Peer 1: 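One structure coming up, written as C-alpha cells, with questions to follow.
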Amino acid sequence: MPELQTTLGPMRRDDLGLILPHEHVFVDLRTHDRPGYAEAEPDDVVRVMAGPIAAAMAAGVTAIVEPSTVGVGRRADILLAVSRATGMPLVVPTGVYREPWVTPWAHGASVDELARWMVSEIEVGIEGSGVRAGWIKVSAGDDGITPVEAKILRAAARAAARTGAVIGSHTIRGRVVRDQLAILTGEGCPPDRFVWIHAQREPDITIHHDLSRQGVWIEYDGIGDPAEDGRYVSLVRAALDAGLGHRVLLSQDLGWYDPAQPGGGTPRPYDHLPTVFLDRLRASGVDGATVDGLVRDNPFAAFAR
Ligand SMILES: [Zn+2]
C-alpha cells in the first residue's frame with residue numbers, strides 16, 4: 001500500500017484529500033555562507049505561518065509538499081514544529097539545490113556518498129529531527145546542467161531507484177529536462193519517478209506533452225495570480241485534451257517565512273487554488289471527477305511510495 005511520508009508520519013490515500021505539491025513554509029534564498037542563513041526560532045515561524053496554513057486547511061488542503069531543499073534553508077525541525085502546531089502534514093525533501101546554492105559538503109562528496117546520504121534521510125531521518133524525507137528535490141541551471149548538478153542528480157537517481165522516492169527538479173527549460181531524463185534513466189530511475197517543477201516556464205508545450213507521454217510528471221505550479229488563471233486553465237485543458245491528465249500536478253509556489261526579512265516577512269496565502277482556481281477550471285468545462293484526479297489522486301500518486 002503506497003504511503004506519503006509526512007512530518008506527521010506516513011499517510012495513505014484514504015487519509016488525505018486535496019494535496020498541494022509545491023508550496024513553501026520556510027525558505028532562505030541567501031547562500032549558506034551569509035550570516036543568519038536559515039536561522040529562526042521555530043515558535044516565530046509557527047506564529048507567522050499558522051494563519052495561512054489554517055486558511056489552507058479551511059479550504060480543504062490536507063497536505064503540502066515542501067520543496068525547500070538543502071541549500072535554500074531546509075529546516076526539518078522547524079517544519080515539524082509547524083506541523084505539530086497546525087496539524088498540517090508537510091512532505092520534506094532530501095537533495096541539494098543548484099549552483100550557487102550547492103553546499104561545500106555536496107561539492108566535495110562523491111555520487112555514492114550523496115546517494116547514501118539521501119537514502120539515509122529517506123529511510124532513517126533528517127538531522128536528528130525524527131522527520132523522514134518524503135522525496136528528493138534537486139535543480140539544474142537555466143542554460144544547462146553543470147557537472148556538480150549532474151553528480152547530485154545521478155545520486156538522486158540511485159537513491160530513487162533504491163527507495164522508490166520521487167525526484168522533483170526546479171528546471172526552467174525543456175531541453176535541460178531532456179538532459180536530466182537521460183541521466184536518470186541511465187541510472188535505472190524510471191521517468192514516472194521524475195517531477196518537472198515549474199514546467200509552465202517552458203513556452204513550448206509540445207515538450208511538456210512529449211516528456212509527459214514518456215511518464216514524467218508535469219507540474220504547473222505558478223497558479224495564484226487571478227490574472228493568470230486563464231493561462232493555467234488553458235495549460236490544464238491542453239494536457240487533458242492530449243490524454244495526459246494523469247501526469248499533471250497543480251500548485252502555487254507561495255508562502256513563506258523568510259529569515260532574511262524582519263519578522264520573517266509577509267507570507268503569501270495558499271488558498272487561491274482551492275477556493276478560486278478550481279472553480280474556474282470547472283467553469284471551463286472540466287468535470288468534477290477530473291478536477292479531483294488532478295488535485296487529489298495525482299499528487300498522492302507522484303509523491304507516495
Ligand atoms: Zn518553489
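Ligands are counted one by one from 1 in listed order, and the atoms in each one are counted from 1 as well. Note that this is a predicted model, so its numbers are computed, not measured. Values reported hereafter were calculated over all heavy atoms of this structure, with side chains retained and with hydrogens, waters and symmetry mates removed.
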Peer 1: For atom CD of E228, decide whether the heavy atoms of other residues, nucleotides or ligands shown that lie under 6.0 angstrom number more than 12.
Peer 2: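 Counting other residues, nucleotides and ligands, CD of E228 exceeds 12 neighbours.
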Peer 1: Using a strict cut-off of 2.8 Å, how many protein N/O/S atoms surround the Zn ion (ligand 1)?
Peer 2: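 Those protein atoms number 3 in total.
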Peer 1: Please say whether more than 12 non-hydrogen atoms of neighbouring residues, nucleotides or ligands are located less than 6.0 Å from CZ in R201.
Peer 2: no
Peer 1: Between R231 and Q200, what is the shortest heavy-atom contact and its length?
Peer 2: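 So the two residues come closest at NH2-O, 2.6 Å.
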Peer 1: Is a donor on one side and an acceptor on the other found under 3.5 Å between the side chain of T62 and the backbone of L18?
Peer 2: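 Here the side-chain-to-backbone pair exists.
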Peer 1: Just by distance, with hydrogens left out, do E202 and H208 show a side-chain donor and acceptor under 3.5 Å apart?
Peer 2: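 Side chains of E202 and H208: no pair found under 3.5 Å.
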Peer 1: Give a yes-or-no answer on whether the side chains of H24 and S68 include a donor-acceptor pair shorter than 3.5 Å.
Peer 2: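 Note: H24 and S68 side chains meet the donor-acceptor criterion.
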